[in-house]
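Numbers for residues simply follow the sequence, beginning at 1. Just so we're clear, the structure is a prediction, and the values are computed from it rather than from any experiment.
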Amino acid sequence: MNILITICARGGSKGIPGKNIKPVGGKPLLAYSVETARRFSDRFASQKDSDGNNGVDIVLSTDSEAIKSVAREYGLSTDYVRPDYLANDTCGKPDAIRDVLCSGTLWQELRLCDRS
């Protein structure tokens, strides 16, 4: 089983500035996405492959250090920073997801990126 969960969270929301880190029901909005992704991943923990992986990868795409910090507090860390040209109102999620994948090791497995 190979499942990719992507959490896309821009820092520059215009409708509700900072919405991803604003508290909702006592915790940041982003925390709900991270916790849900973790629960899904944990559910498949018993179905590990020969390398000990459960086949579920969780990636965060963000341009915001504050969002990265909140995600880290809830157990999801990343070194990836979404570039400015993918962190605006007109950029779609597919482009942002492709960029985060192409920046790391998952691109080799998924064969999405031409790195020659």
Side-chain angles (χ1 to χ4, degrees):
M1 170 187 320
N2 291 321
I3 297 172
L4 175 65
I5 299 171
T6 57
I7 299 174
C8 296
R10 276 192 320 119
S13 174
K14 291 180 181 173
I16 303 174
K19 70 181 174 198
N20 290 302
I21 58 175
K22 287 199 181 292
V24 175
K27 57 187 166 185
L29 181 61
L30 178 70
Y32 293 95
S33 296
V34 173
E35 289 173 347
T36 300
R38 288 264 179 237
R39 279 195 308 273
F40 181 89
S41 180
D42 291 347
R43 182 174 180 158
F44 292 97
S46 63
Q47 300 177 23
K48 295 189 184 222
D49 63 18
S50 59
D51 294 327
N53 300 316
N54 65 0
V56 179
D57 291 297
I58 305 168
V59 295
L60 172 67
S61 174
T62 187
D63 59 323
S64 166
E65 288 300 321
I67 290 172
K68 285 173 61 172
S69 178
V70 168
R72 229 180 345 266
E73 289 176 32
Y74 287 86
L76 180 60
S77 60
T78 183
D79 292 327
Y80 173 79
V81 178
R82 189 190 305 185
D84 290 342
Y85 73 94
L86 293 174
N88 59 52
D89 292 341
T90 61
C91 177
K93 284 186 184 179
D95 292 329
I97 292 168
R98 181 181 172 94
D99 190 72
V100 72
L101 293 176
C102 291
S103 71
T105 58
L106 285 174
W107 71 268
Q108 294 170 331
E109 298 169 28
L110 299 173
R111 296 184 182 98
L112 289 174
C113 312
D114 180 10
R115 292 289 179 153
S116 52

Thr90 OG1 to Asp95 CG distance, which is reported to the nearest 0.5 Å: 9.5 Å
Taking atom CD1 of Ile5 and atom OG1 of Thr36, what is their separation to the nearest 0.5 Å? 9.0 Å
Can you tell whether the side chains of Arg38 and Glu35 come within less than 4.0 Å, N to carboxylate O? no
More than 12 heavy atoms from other groups under 6.0 Å of NZ on Lys27: yes
Side chain to side chain, Ile3 and Phe40, heavy atoms closer than 4.5 Å: yes
For Tyr32 and Val24, work out which heavy atoms get closest and say how close. OH-O, 2.6 Å
How about Ile97 and Cys8: do any of their side-chain heavy atoms sit closer than 4.5 Å? yes
Run Ile7 and Ile58 through side-chain contact (heavy atoms from CB on, under 4.5 Å) and show every step you take. CA-CA 8 Å; Ile7 299 174; Ile58 305 168; 4.2 Å; yes
Locate the shortest heavy-atom distance separating Leu86 from Ala96; write the atom from each residue and the value. CD1-CA, 4.3 Å
Donor + acceptor pair across side chains of Ser77, Arg72 (<3.5 Å): no
Mark yes or no for whether Asn20, through its side chain, and Gly11, through its backbone, hold a donor-acceptor pair below 3.5 Å. no
Is it true that Tyr74 and Ile67 fall in one hydrophobic cluster, defined by side-chain heavy atoms closer than 4.5 Å? yes
Of the non-hydrogen atoms in Arg82 and Asp63, which two are nearest, and what is the gap between them? O-CB, 3.6 Å
Is it true that atom CG of Asp79 has more than 12 heavy atoms of other residues, nucleotides or ligands lying nearer than 6.0 Å? no
First locate atom CD1 of Ile21, then atom CG of Leu30, and finally report the distance between them rounded to the nearest 0.5 Å. 9.0 Å
